[in-house]
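We count ligands from 1, going down the list as the structure has it; atoms in each ligand are counted the same way. Keep in mind that the numbers below use all heavy atoms, side chains included, and drop hydrogens, waters and symmetry copies.
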Amino acid sequence: MIPFLDLKEINAQYADELKSVINQVIDSGWYILGKSVNEFEEKFSSYCGTKYCVGVANGLDALSLIVKAYEIGKGDEVIVPSNTYIASVLAISANEATPVLVEPNINTYNLDPTKIESNITEKTKAIMVVHLYGQSCDMTPILEIARKYNLKVIEDCAQAHGAFYKGKRAGNLGDAAGFSFYPGKNLGVLGDGGAITTNDEELYTKLVALRNYGSHKKYENLYKGTNSRLDEIHAAVLTVKLDFLDQENSKRREIATYYLNNITNKKIVLPSVESDIQNHVWHLFVVRTEERDRLQKYLLANGIQTLIHYPIPPHKQDAYAEWNHLTYEISEKIHKEVLSLPMSPVLTLDEVKQVVEVINKYE
Ligand SMILES: *Cc1c(COP(=O)(O)O)cnc(C)c1O
């Protein structure tokens with residue numbers, strides 16, 4: 001069986017270094033908000049090209065704390081793509097603000113800049129862009145609209161660690177960005193983890209307090225904050241793994257390039273790469289076909305594991321029953337047709353060739 005993603009094998013590459021830094025944290029006797037978190041925050045902000053980074057407990061918290069720090073709440077609207085993973089939408093709902101779903105471009109799966117303006121009202125406070133599957137959004141027109149209407153731009157970078165847009169990294173393309181280090185992401189930890197990157201000093205200072213009960217000074221609280229901290233152990237692991245992120249992303253690009261150049265089956269729509277392959281870090285390699293379930297069964301019968309990202313759009317979830325009657329045609333088509341092929345930095349060329357061969361034989 002060719003697995004969709006082999007996490008054990010990915011982390012086994014660095015097992016000795018990971019065990020050694022984990023032991024250092026154990027021996028230090030300091031487990032929360034210490035030098036490992038500081039070190040990772042400095043290293044990750046410098047990697048992304050931003051002035052600041054704040055480690056938090058997970059990707060959802062990263063996004064929802066940004067919304068909270070900007071004081072976006074009840075009565076406010078935030079634009080978000082209709083085909084994103086539910087967490088982007090939940091981050092807005094968690095602050096009692098209203099998510100306004102906007103359709104993606106069918107080729108890039110990312111927010112369609114031409115559909116944003118007609119969804120802006122006097123209540124709109126921000127646009128949350130999601131660099132879905134690892135490809136950065138078309139930011140230039142989005143930033144122009146944001147400037148025109150004085151909106152914040154929040155990036156959901158949970159699938160785009162290391163991606164570029166016109167020479168800048170994802171995480172440095174808007175006002176603030178949320179990252180997830182969930183184990184399966186391009187930069188994954190051994191549990192839950194997340195971070196926020198920004199160049200906004202005021203926002204940064206506020207976030208440092210918000211993640212820690214709203215406290216800026218021990219036992220003094222400026223805000224009604226939360227407990228959403230990145231653990232020392234996780235930060236130490238991330239610092240090791242960050243050194244290998246670019247290398248792992250290059251490996252993903254090689255695999256994607258092989259798929260793109262060699263899958264010739266006319267029944268399958270390949271993902272489109274906008275302008276520059278550096279824009280894409282291939283968190284997922286997502287193809288599309290009208291016979292998605294049939295193709296998935298065929299691949300499984302031939303020893304290839306695939307996944308669906310995602311089977312149900314946010315507006316059709318029970319959690320958002322108030323939206324169930326709405327139709328978002330492009331998003332619904334995407335959810336019916338997408339299939340994610342095996343993609344990981346430890347996939348071998350032989351395995352990739354085998355996937356291509358099996359797909360090309362599909363009738
Ligand atoms: C994974 C993911 C999140 C949430 O991250 P967690 O760390 O799992 O909370 C948010 N947005 C997108 C697009 C994701 O893929």
Side-chain angles (χ1 to χ4, degrees), residues 4-5 7 10 40 44 53-68 78-95 99 101-102 104 108-111 126-137 153-163 170-171 173-174 176-197 207 211 226-231 234-235 237-238 241 245 249 252 271 280-286 307-315 317 319-320 331 334-335 338 340 343-344:
F4 175 75
L5 173 69
L7 285 177
I10 289 177
F40 175 69
F44 195 60
C53 170
V54 185
V56 294
N58 55 64
L60 172 58
D61 280 1
L63 294 168
S64 108
L65 284 170
I66 294 168
V67 175
K68 189 181 172 80
V78 178
I79 286 172
V80 64
S82 54
N83 64 319
T84 186
Y85 180 56
I86 191 102
S88 331
V89 186
L90 289 172
I92 301 163
S93 302
N95 288 283
L101 304 177
V102 172
T108 64
Y109 307 120
N110 277 333
L111 197 56
I127 304 171
M128 188 181 287
V129 297
V130 184
H131 309 303
L132 201 68
Y133 308 149
Q135 176 157 241
S136 65
C137 293
V153 174
I154 302 168
E155 293 176 80
D156 180 341
C157 291
Q159 304 190 358
H161 316 72
L173 303 173
F179 285 87
S180 163
F181 305 124
Y182 182 78
K185 309 288 184 179
N186 287 35
L187 180 58
V189 77
L190 311 176
D192 275 309
I196 296 154
T197 53
L207 285 166
R211 72 166 169 193
T226 187
N227 177 349
S228 180
R229 300 175 298 223
L230 180 66
D231 292 324
H234 288 154
V237 165
L238 285 165
K241 290 190 72 180
L245 177 60
N249 283 343
R252 288 172 184 270
H280 212 319
V281 288
W282 302 101
H283 173 58
L284 298 168
F285 190 93
V286 178
L307 292 177
I308 297 167
H309 300 91
Y310 298 90
I312 306 171
H315 70 281
Q317 297 285 354
Y320 286 103
S331 183
I334 289 170
H335 287 80
V338 287
S340 307
M343 170 55 81
S344 94

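- In this structure, T226 contributes its side chain and S228 its backbone to no donor-acceptor pair below 3.5 Å.
- Inter-residue side-chain proximity for N83 and P313 is flagged as unmet; no heavy-atom pair is nearer than 4.5 Å.
- Between H161 and F179, the distance from one ring center to the other falls under 6.0 angstrom.
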Could you list, one pair per line, each nitrogen or oxygen of ligand 1 together with any protein nitrogen or oxygen closer than 3.5 Å, giving atom names and the distance rounded to 0.1 Å?
{"unit_1": "ligand 1", "atom_1": "5 (O)", "unit_2": "S180", "atom_2": "OG", "d": "3.2"}
{"unit_1": "ligand 1", "atom_1": "7 (O)", "unit_2": "G59", "atom_2": "N", "d": "2.7"}
{"unit_1": "ligand 1", "atom_1": "7 (O)", "unit_2": "S180", "atom_2": "OG", "d": "2.6"}
{"unit_1": "ligand 1", "atom_1": "9 (O)", "unit_2": "G59", "atom_2": "N", "d": "3.3"}
{"unit_1": "ligand 1", "atom_1": "9 (O)", "unit_2": "L60", "atom_2": "N", "d": "2.9"}
{"unit_1": "ligand 1", "atom_1": "11 (N)", "unit_2": "D156", "atom_2": "OD1", "d": "3.3"}
{"unit_1": "ligand 1", "atom_1": "11 (N)", "unit_2": "D156", "atom_2": "OD2", "d": "2.7"}
{"unit_1": "ligand 1", "atom_1": "15 (O)", "unit_2": "Q159", "atom_2": "NE2", "d": "2.8"}
{"unit_1": "ligand 1", "atom_1": "15 (O)", "unit_2": "K185", "atom_2": "NZ", "d": "2.7"}

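- Formation of a donor-acceptor pair under 3.5 Å by the N186 side chain with backbone atoms of V281 is found in this model.
- Here the two rings, on Y109 and H309, have centers that are 6.0 Å apart or farther.
- When each of S344, S340, P271 is tested with F285 by the rule side-chain contact (heavy atoms from CB on, under 4.5 Å), just one qualifies, namely P271.
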